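Everything numeric in this text was worked out from a predicted model, so none of it was measured. Just follow the structure's listing: the first ligand is 1, and inside any ligand the first atom is 1. What you see below is based on every heavy atom in this structure, not just the backbone, and it leaves out hydrogens, waters and symmetry mates.
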Amino acid sequence: MSKVSSSTLIKFKQEGKKITALTAYDASFAGAFDNEGIDVLLVGDSMGMVLQGHSDTLPVTVDDIAYHTACVRRGIARSLLIADMPFMSYATAEQTLTNATTLMQAGANMVKVEGGEWLLESVEMLTQRGIPVCAHLGLTPQSVHVFGGFKIQGRDSENAQRIMNEAKAMQQAGAQLLVLECIPAALATSISQELTIPVIGIGAGNGTDGQILVMHDVLGISSGYIPRFSKNYLSQTGDIRSAIKAYIEEVQQGLFPSDEHTFN
Ligand SMILES: Nc1nc(=O)c2c([nH]1)NC[C@@H]1CN(c3ccc(C(=O)N[C@@H](CCC(=O)O)C(=O)O)cc3)CN21
Ligand SMILES: CC(C)C(=O)C(=O)O
Ligand SMILES: [Mg+2]
């Protein structure tokens with residue numbers, strides 16, 4: 001049961017083994033997910049919505065992410081731990097380095113940043129200085145007010161091409177992992193095929209190298225609604241460990257996401 005690293009994830013991609021990922025925010029849940037064999041855990045800025053009750057992720061601070069990263073770190077043994085860099089914590093080069101350092105020192109193995117072209121220099125800068133980066137393209141929730149809502153991205157050919165180009169540029173800049181959120185399945189599939197780094201999807205169909213979901217959706221306790229691309233595994237299993245096991249198995253067997261959880 002050796003620790004998952006970015007080399008492990010590359011190997012999984014080369015072997016065609018799907019990568020399983022979930023968000024986690026505390027030691028107990030993270031420990032249970034780790035025990036069931038989840039490959040990647042993300043301390044997501046989705047905590048602004050599922051933990052803090054805000055209607056978007058913008059209020060989350062670096063200290064919030066650092067605190068929960070430290071909590072998760074104490075609970076896990078095997079999974080790769082990614083920390084989200086929150087809204088405006090990587091706007092300038094100096095902020096980027098200071099805040100990414102805080103998250104790495106809190107226990108992260110990698111940081112995740114949302115955005116395309118404008119972020120390439122930061123990705124290169126972090127990687128060169130020893131901080132592995134996961135890029136995040138498509139529906140990047142920190143830009144919800146620019147998008148005018150949590151809307152599927154990359155539907156027209158121009159935007160699809162832009163996302164494809166940004167994905168390639170991120171890999172070129174040194175990103176070791178890519179999250180694609182809420183884009184058409186065909187686009188996510190071709191990006192995954194074009195890149196050598198692993199691609200993890202959420203609302204991006206079945207053709208990516210792995211899947212990530214927000215734990216509260218998987219356990220059916222998100223307040224209000226559950227996004228269409230997500231799936232409640234607790235209702236069909238009855239206990240948390242079995243729900244996580246079922247999610248992992250369905251991802252590994254290519255059963256999740258099925259058509260009803262996919263945008264075409
Ligand atoms: N509980 C939870 N689950 C998530 O997946 C999630 C969060 N929170 N918070 C951070 C972001 C925000 N996300 C969201 C939130 C809403 C939609 C949404 O309402 N999507 C519509 C599609 C809209 C369209 O067709 O353009 C949907 O029907 O799912 C999508 C992603 C994903 N992330
Ligand atoms: C949904 C995932 C990819 C995320 O960024 C988060 O949980 O904040
Ligand atoms: Mg996030």
(request) Specify the protein heavy atom at minimum distance from atom 1 (C) of ligand 2: its residue, its atom name, and the distance to 0.1 Å. (result)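 Scanning the protein heavy atoms, the shortest distance from atom 1 (C) of ligand 2 goes to Ile202 CD1, 3.6 Å.
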
Should the proximity of [X] to ligand 1, defined as any heavy atom under 4.0 Å, be assigned to the side chain, the backbone, both, or neither?
X: His216; result: neither
X: Met49; result: side chain
X: Ile152; result: both
X: Val50; result: side chain
X: Ile226; result: neither

(message) What do you get for the angle at the Mg ion (ligand 3) between OD1 on Asp45 and OD2 on Asp84, to the nearest 10 degrees?
(response) 80°

(request) Quick one: look at Met47 and ligand 2, take heavy-atom pairs under 4.0 Å, and tell me if it's side chain, backbone, both or neither. (result) neither

(request) Check the angle between the aromatic planes of His261 and Phe256 and answer parallel, tilted or perpendicular using the 30° and 60° thresholds. (result) tilted

(message) Let's go through Met47 and Ile65 carefully: what are the C-alpha distance in whole Å and the side-chain angles of both, what is the deciding distance for side chain to side chain contact (heavy atoms under 4.5 Å, CB included) to 0.1 Å, and is it a yes or a no?
(response) CA-CA 8 Å; Met47 71 171 63; Ile65 302 277; 3.8 Å; yes

(request) For ligand 2, find out whether one of its N or O atoms is nearer than 3.5 Å to an N or O atom of Tyr25. (result) no

(request) Consider every N or O of Glu114 and every N or O of ligand 2, then say whether any pair is closer than 3.5 Å. (result) no

(message) Please determine whether any non-hydrogen atom of Ile202 lies less than 4.0 Å from an atom of ligand 1.
(response) yes

(message) Taking 4.0 angstrom as the limit and counting only heavy atoms of Lys151, give me the atoms of ligand 1 inside it, by number and element.
(response) 26 (O)

(request) Determine whether Leu177 and Phe33 fall in the same hydrophobic cluster, where Ile, Leu, Val, Met, Phe, Trp and Tyr are linked whenever their side-chain heavy atoms lie under 4.5 Å apart. (result)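 Linked, Leu177 and Phe33 end up in one cluster.
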
(request) Please test Glu250 against Lys231 for salt bridge (Lys or Arg N to Asp or Glu O under 4.0 Å), starting from the C-alpha separation and ending with a verdict. (result) CA-CA 11 Å; Glu250 285 199 8; Lys231 180 170 171 184; 2.9 Å; yes

